[in-house]
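Here is the structure we will look at.
Sequence lines set the chain letters: A, B, ... in the order given, protein chains first and strands last, and positions in each chain run from 1. Since we're looking at a predicted model, the values are computed, not measured.
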Amino acid sequence: MIDLTNLTIEKAKQALKNKEYSAIELTKAYLDKIKEQDKEIKSYLAITEDLALAQAVKADRMIANHEEKALTGIPCAIKDNIMIKGEKCTAGSKFLENYIAPYDATVIEKLKEQGAIILGKTNLDEFAMGSSCENSAFFPTKNPNDLERVPGGSSGGSAAAVAADLCVFALGSDTGGSIREPASFCGISGIKPTYGTVSRYGLIAYASSLDQIGPLAKNTEDCQIVFEAIRGKDKYDSTSLEQVSKNCEFDIKKLKIGVPKEYFGQGLDPVIKKAVNQAIDFYKQNGAEIIEINLPYTDYALACYYIIAPAEASANLARFDGIRYSEIVEGDKSNNLIQTYLQNRTAGFGKEVKKRIMLGTYTLSAGYYDAYYKKALKVRTLIKKDFEEAFKKVDVILGPTSPLLPFKIGEKTHDPLAMYLADIYTVSLNLAGLPGMSIPCGYEGRLPIGLQIIAPSFEENIIFETANFLQKKYDI
Amino acid sequence: MDSNKIDVKKIASLAYLTIAEDELKNFEEQFSSILAYVDKLKELEISEIKETSNITQAENVFREDKETIFNNEDLLSLLPHKKNNYLEVKKILNNND
């Protein structure tokens, strides 16, 4: 029996190298574990067994030929809004229930080339719209730490699969917190890289100016390994950039940590406040300088996000008409094209998606564009400036990832605004394009608490170093 | 807030969606509470601020003028209705249009 408990990339690589087990054996161990244990957690929407075994054969050959790369033979899970050629890609929606991806996303091409093993596709809120995984059109995923609670969202399936040892690492996407919040809720590490560092080609779009793919993993080092493997400019994504993450010579005694007082105000669970402050104190005790900073427009970020994201979504999701991707309503009896659209879109989209499409349609419609959309774009400039000012004084910014502990399944489904508030500390980074990571910094009973580490654009390395310092030395 | 009462039916039709009669009220309520929340942006006097729509500020990104060849079979197999390998859709123009 291979022990999959808390298996990291480094440990698995060593074991594969030392021939303790083969990639095929490791893959089979995960597939068996998923079949046995995922019935309860429901993190996967589909298992890609054939693909996994084929990649495992390739990985074993690469290892035998001493051609292994950073992720050769490492089993992983992919959020089901990222396309894998020949596999279903549903985006958690009935609309794409039978859609088979005709090409690989760039990140998938990179993983395949590395010899990584793709075990399956993970659950998500429909079209990545949600903070709890409850908006999946198929079923909710459960938090492995407490099965009555949500795993966070929208990359909830990816986070739960990592936390439950049903893969070594996973890919997710983050538009307003969708990697960081579930990482926080499940007690794992997850990073949203700088906008543009990872290609979005093959990611089913939610809000294109905010979406970014990133890793969820058991620790910071694994996140860094995966990030390095998937990053880079891509000719198929015109917003992708070749910028290399700045090197950083990390010295805790020279580290200037900004703590924004806006991130510790009303609405923050006192238990989270305490755990995050304790982690910040730990940095201080080790010589880091703690500087109180202001991000004055924080209070407007969520409002800004809930104008910009639905506006972009309403345009991105206009392509779903039920004619090109798969059939939605069987035996269409309507007598004109508009009727067909109406019928398909009404049957295919879930309630939250409809709501966001309509919100976006409203804020972009004649007479409201200036008051909402244009204004939000201006506020976005202010939010970006807030961070630019702050980073003149500090190297990194620390705060809570989420104001809430993982909540109970069904607890917030009737109050969308309460659900949206879960993203209050994460959305600003997407608006400003900045990298941010969530790592565990404490527990309340069984429920994990996440610390968010924010850095200037392209300075993922200082995030990794700062996160690593806590993960290696701080006992939670 | 009355100013935030939006015509759900009208917006739905603009978005090619139909909202059932018994759901209208719920949509209306949720929209008003979200709009009341995002209305806080109106507090800000920001007429002089420039807009940010593209965070990377990249302009005119070009790539080689070379076609990408997809396997037609893969793409066509996704179409729910086709005739002689063409996508089949409903008539858009009527005789009396």
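- Judged by distance alone, the side chain of A:Arg345 and the main-chain N or O of B:Ala15 form a donor-acceptor pair under 3.5 Å.
- If you measure heavy-atom distances from B:Leu79 to chain A, the contacts under 4.5 Å come from both the backbone and the side chain.
- Rounding to the nearest 0.5 Å places OG1 of A:Thr340 at 3.5 Å from NZ of B:Lys90.
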Check step by step if side-chain contact (heavy atoms from CB on, under 4.5 Å) holds for B:Leu35 and A:Tyr372. CA-CA 10 Å; B:Leu35 289 174; A:Tyr372 288 107; 4.0 Å; yes

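- Residue A:Leu417 touches chain B through its side chain alone, counting heavy-atom pairs closer than 4.5 Å.
- Atom OG of B:Ser77 sits about 6.5 Å away from atom CD1 of A:Ile100, to the nearest 0.5 Å.
- In this structure, B:Lys10 forms no cation-pi arrangement with A:Tyr362, as its terminal cationic atom is not both closer than 6.0 Å to the ring centre and no more than 45° off the ring axis.
- Rounding to the nearest 0.5 Å gives a distance of 7.5 Å between CD of A:Gln339 and OG1 of B:Thr18.
- Using a 4.5 Å cut-off between heavy atoms, A:Asn344 does not touch chain B at all.
- With a 4.5 angstrom heavy-atom cutoff, B:Lys40 touches chain A via backbone and side-chain atoms both.
- The ring-ring contact (aromatic ring centres under 6.0 Å, His included) analysis of residues 295-314 of chain A, with sequence neighbours excluded, yields the pairs A:Tyr306-A:Tyr420.
- Between the side chain of A:Thr361 and the main chain of B:Leu14, no donor-acceptor pair closer than 3.5 Å is present.
- Between the A:Lys384 side chain and the B:Ile55 main chain, no donor and acceptor come within less than 3.5 Å of each other.
- Proximity of a side-chain donor or acceptor of A:Lys378 to a complementary backbone N or O of B:Ser47 within less than 3.5 Å is detected.
- The backbone N or O of B:Asn54 lies less than 3.5 Å from no partner atom in the side chain of A:Ser209, so there is not a single donor-acceptor pair.
- Here A:Val379 is the residue among A:Ile357, A:Leu210, A:Val379 with the most heavy-atom pairs under 4.5 Å with chain B.
- Heavy-atom distances place no part of A:Leu434 under 4.5 Å from chain B, backbone and side chain included.
- If you measure heavy-atom distances from B:Glu64 to chain A, you find no contacts under 4.5 Å at all.
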Report the C-alpha separation of A:Leu377 and B:Thr52 in whole Å, then their side-chain angles, then the decisive distance to 0.1 Å, and conclude whether the side-chain contact (heavy atoms from CB on, under 4.5 Å) test is met. CA-CA 5 Å; A:Leu377 293 183; B:Thr52 300; 5.7 Å; no

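- Using a 4.5 Å cut-off between heavy atoms, A:Ala101 does not touch chain B at all.
- Contact of A:Lys385 with chain B is not made at all, since no heavy-atom distance falls under 4.5 Å.
- Only the side chain of A:Lys85 comes within contact range of chain B, judged by heavy atoms closer than 4.5 Å.
- The shortest non-hydrogen separation linking B:Ile49 to A:Leu382 is CD1-CD2, 3.7 Å.
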Could you please spell out the steps behind the side-chain contact (heavy atoms from CB on, under 4.5 Å) verdict for B:Leu17 and A:Phe349? CA-CA 9 Å; B:Leu17 292 165; A:Phe349 291 133; 4.0 Å; yes

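- Counting heavy-atom pairs closer than 4.5 Å to chain B, the top-ranked of the candidates A:Leu241, A:Leu359, A:Asp321 is A:Leu359.
- The parts of B:Tyr16 that come within reach of chain A are both its backbone and its side chain, each placing non-hydrogen atoms under 4.5 angstrom from that chain.
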